[in-house]
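Residue numbers begin at 1 in each chain, while the letters A, B, ... track the order of the sequences. None of the values given here were measured: they were computed from a predicted structure.
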Protein chains: 4
Amino acid sequence: MGTSESGGMTRPSVLGRPRDSGRDLAILDATLALLTEVGYEQLSMEAVAGRSGAAKTTIYRRYPGKATLVAAAVERRAPAKPPQPAGESLREVVHSLTAWLARSISEQDVGLLGALFTGMRNDAQLAQAMRRILRRDENAMTDSLVQQAAERLAPGAATLFAEVAPALIVHRVVVVGEPCDAAFVEHLVDDILLPLLRRT
Amino acid sequence: MGTSESGGMTRPSVLGRPRDSGRDLAILDATLALLTEVGYEQLSMEAVAGRSGAAKTTIYRRYPGKATLVAAAVERRAPAKPPQPAGESLREVVHSLTAWLARSISEQDVGLLGALFTGMRNDAQLAQAMRRILRRDENAMTDSLVQQAAERLAPGAATLFAEVAPALIVHRVVVVGEPCDAAFVEHLVDDILLPLLRRT
Amino acid sequence: MGTSESGGMTRPSVLGRPRDSGRDLAILDATLALLTEVGYEQLSMEAVAGRSGAAKTTIYRRYPGKATLVAAAVERRAPAKPPQPAGESLREVVHSLTAWLARSISEQDVGLLGALFTGMRNDAQLAQAMRRILRRDENAMTDSLVQQAAERLAPGAATLFAEVAPALIVHRVVVVGEPCDAAFVEHLVDDILLPLLRRT
Amino acid sequence: MGTSESGGMTRPSVLGRPRDSGRDLAILDATLALLTEVGYEQLSMEAVAGRSGAAKTTIYRRYPGKATLVAAAVERRAPAKPPQPAGESLREVVHSLTAWLARSISEQDVGLLGALFTGMRNDAQLAQAMRRILRRDENAMTDSLVQQAAERLAPGAATLFAEVAPALIVHRVVVVGEPCDAAFVEHLVDDILLPLLRRT
DNA sequence: AAATAACCGAGACGGTACGTCAAGTCTTGAG
DNA sequence: CTCAAGACTTGACGTACCGTCTCGGTTATTT
């Protein structure tokens, strides 16, 4: 939530030469590319500068450090992609949402989780910002579920879904270390989510 | 895999002066202390050397790098503390296990998660070792649950518990960023775990 | 060479808004102040801009670089202060001139010498300009000596004085690193200058 | 006067790996080469590191900054080269010494003078060290003169020579900006030095 | 009066170098 | 062969200035 301005970028004043928005794009693009190539730890500000063609000072003028930069880059990339409208039955809706979420987390949020771990210790506010990004998708999902299957759900079921599904997917990817393939999604939907949602 | 030879320690040779086991303890103690003080990212090998009184050489002779060292330190600290025997009812057993797990993860595993993120990118084998440590507790918990409430559980319920409970606790601590207090544990037990375990 | 157009200022065009002479003063004043405060090396264009309230552009429009700027500032400050008319005897005249020169060099020219060293390597023309400033005082002194004591001097004595006195004073301040106090001036006059001037 | 250890180098301890004296030589050689090539101002620590093949940290472990480094390099190069024994007459002795000094200052000490200007402002102790180096030659010269022409000199003449000759040469090179050619040396000897030395 | 042209502040920009920190390797002397 | 100490290379850090380049806006002269 918060204002529309947030996200770590420093305020560009009115006076003086305005910031070159092309630099913004180049910096964030380079950050994203490097993030997926080498991961959060191995990503260096110097590499971002080199790849983007921007000077280090230009980056530091916008973001105070690596964590903030990565957060901004991730936020820009994933503009809360709305989960696609799904099929008929409750199972179909839940399955569709879960599969989308599994893909989304596996592909995009892993890099951000590294930034989150670093930021947690150093800057509580920054950690909060990253959590906001991470949970943006979860909230979008909640809404989507309510919209599509409101009548078939017990009250609070959507919230429960938004709590349980991302947790299990993140755990799968990070701790268990195995991919969220179709079989896992099936298991997740049939053995865990649907029982919870129906019963509640 | 799963041999008795622990996680990352390099083989000590037979000839020459034997390794000083006091150095082992000092190194791991210092690592643990620094890990909780400053977190995984800010923990430096140089600080471990300084704090433990060991030379950097002595550390690198045992562990090839920071991630391995931290893994060894964490492994030593948490010798799969057996969850304390619990009360009567199924709910009491589950609640007891969950509360113990929440405490255990919050206090101990957070540092290891940082190491896991780093290690994942750099060394798949190392990531595997860390995952093994992380899941040691989960497995111990599964066993404990089966022992204490075997007759009241559906087959596979213990496995399910070991899959869901840690996932939600980790998610709570890392992504949501709020503490696993008593209220959360209650919610977790009554709204999620018990329904799943009973029904399955 | 030796034109009336001063040291390093770029030609202001005829068309358009004329240059604000108040900016000139502010820039040179700030330069002089910083020169005496922090010395030539530590003096930065950015500090001059900040102190004078002028934009960097405004400074660079006038002077191509630090050395030129400092030269202009020093030139403005020391408008060849005429040595004060002295007493009766030859010794009184020489002593008066030497004391003035010692004060002048110690207080004013030290900063310029730093600029001179830098400029020498980078821009021979600039070095020439600085030398011109430095020797302006020496020439003025020559004239003064001739005016006041022409009949008592051998031919060429004034030139000799202008060659020897500044050299010894600069050497004293920079290389020896001790102040040009009264005792030193006495020594310089009685043991070196007067013997040379009388005999020649 | 000055222990044998001094000169800005930090104390190498007894324990641990000893400093690589090859690094010392490489660093000082590179410093000298760059000093003559580009001058004091343009000499960068990074260039010294690159040229010498030493890491920047290796340089900073030995010298706290550029001025100290240059001072050490210059000190090593000019081990108070004794002026060569000269001819017969007093004039021949003085001329020989003066010519040697003119060469010595022109070729070697100019770089150090830049370091001196910088160091003066920043570190009085460092400035003192540089002055010591600069005056080492002057003192050697005094001794040489006394040795070679003691009987023909008034008392204090050698000191006077060591005061006047370097001052005029430095002034010629730096302030006047013209070379110390044979004609200048002749002028210096015949018109200034000999009259002073004979009369005193 | 309008157009033109230079001025001025502010500050973004690509660079270069700074001085520091930590990583991981290597080299001593002592045990 | 181990250990403590510390030198060494490498690479990145975040900062300071450099000199150049837009911006919006302000005087002046020229049409």
*Below 4.0 Å: OP1/OP2 of E:dG14 and any side-chain N or O of A:T58*: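 Checking E:dG14 against A:T58, a side-chain N or O does come within under 4.0 Å of OP1 or OP2.
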(message) On the nucleotide E:dA6, are OP1 or OP2 found under 4.0 Å from the side-chain N or O atoms that C:R62 carries?
(response) no
- request: Walk me through it: do D:K66 and C:E41 pass the test salt bridge (charged side-chain N to carboxylate O under 4.0 Å, His left out)?
  value: CA-CA 13 Å; D:K66 183 163 78 162; C:E41 299 299 327; over 6 Å; no
**OP:** Using only heavy-atom distances, decide whether a donor-acceptor pair under 3.5 angstrom links the side-chain of C:T57 to the base of F:dC21.
**Re:**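 Flag set: donor-acceptor pair detected.
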Discussion item. Between C:E75 and C:L28, is the side-chain contact (heavy atoms from CB on, under 4.5 Å) condition met? List the steps.
Written reply: CA-CA 10 Å; C:E75 180 163 40; C:L28 294 180; over 6 Å; no
Write down the distance between [atom1] ([X]) and [atom2] ([N]), rounded to a whole number of angstrom.
{"X": "A:Y63", "N": "F:dG14", "atom1": "OH", "atom2": "C1'", "answer": "17 Å"}
{"X": "D:R61", "N": "E:dG19", "atom1": "CZ", "atom2": "P", "answer": "16 Å"}
{"X": "A:Q42", "N": "F:dG11", "atom1": "CD", "atom2": "P", "answer": "13 Å"}
{"X": "C:I59", "N": "E:dA10", "atom1": "CD1", "atom2": "P", "answer": "12 Å"}
{"X": "B:E41", "N": "E:dA22", "atom1": "CD", "atom2": "P", "answer": "14 Å"}
{"X": "D:L69", "N": "E:dA17", "atom1": "CG", "atom2": "P", "answer": "15 Å"}
{"X": "D:Y40", "N": "E:dA17", "atom1": "OH", "atom2": "C1'", "answer": "14 Å"}

* Whichever of C:Y60 and A:K56 has its nearest DNA chain F nucleotide further upstream toward 5' ->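 That would be A:K56.
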Result for 5'-nearest mapping on DNA chain F, choosing between C:K66 and A:M45, is A:M45
Distance, nearest 0.5 Å, that separates [atom1] of [X] from [atom2] of [Y]:
{"X": "C:Y63", "Y": "C:T68", "atom1": "OH", "atom2": "OG1", "result": "9.5 Å"}
{"X": "B:M45", "Y": "B:I27", "atom1": "CE", "atom2": "CD1", "result": "9.0 Å"}
{"X": "C:Q42", "Y": "C:L34", "atom1": "CD", "atom2": "CG", "result": "11.5 Å"}
{"X": "A:L32", "Y": "A:E37", "atom1": "CG", "atom2": "CD", "result": "11.0 Å"}
{"X": "A:T31", "Y": "A:Y40", "atom1": "OG1", "atom2": "OH", "result": "11.0 Å"}

- Look at the side chain of B:A55 and decide which nucleotide, out of F:dT2, F:dA4, E:dC8, has an atom nearest to it.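 Closest nucleotide among those given: F:dA4.
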Only one of A:R62, A:R61, A:R19 passes salt bridge (Lys or Arg N to Asp or Glu O under 4.0 Å) with A:D24, and that residue is A:R62
Taking every heavy atom of C:V74 against every heavy atom of C:I133, the minimum-distance pair comes out as CG1-CG2, 4.4 Å
Heavy-atom closest pair (A:A71 atom, A:M130 atom, distance to 0.1 Å) is CB-CG, 4.1 Å
Exercise for review: Identify whether any heavy atom of A:A54 sits under 4.0 Å from a base atom; if not, whether one sits that close to sugar-phosphate; answer base, sugar-phosphate or nothing.
Suggested key: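 Touches sugar-phosphate only.
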*NA contact type, A:G65, heavy-atom cut-off 4.0 Å: base, sugar-phosphate, or nothing?*
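Nothing, no nucleic acid heavy atom in range.
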Ordered by number, residues from residues 19-28 of chain C within less than 4.0 Å of DNA chain F (heavy atoms) are none
For nucleotides 26-31 of chain F, 5' to 3', base contacts (B), sugar-phosphate-only contacts (S) and non-contacts (-) with protein non-hydrogen atoms under 4.0 Å give BBS---
The answer to which of C:E46 and D:S44 contacts DNA chain E further toward the 5' end, by nearest nucleotide, is C:E46
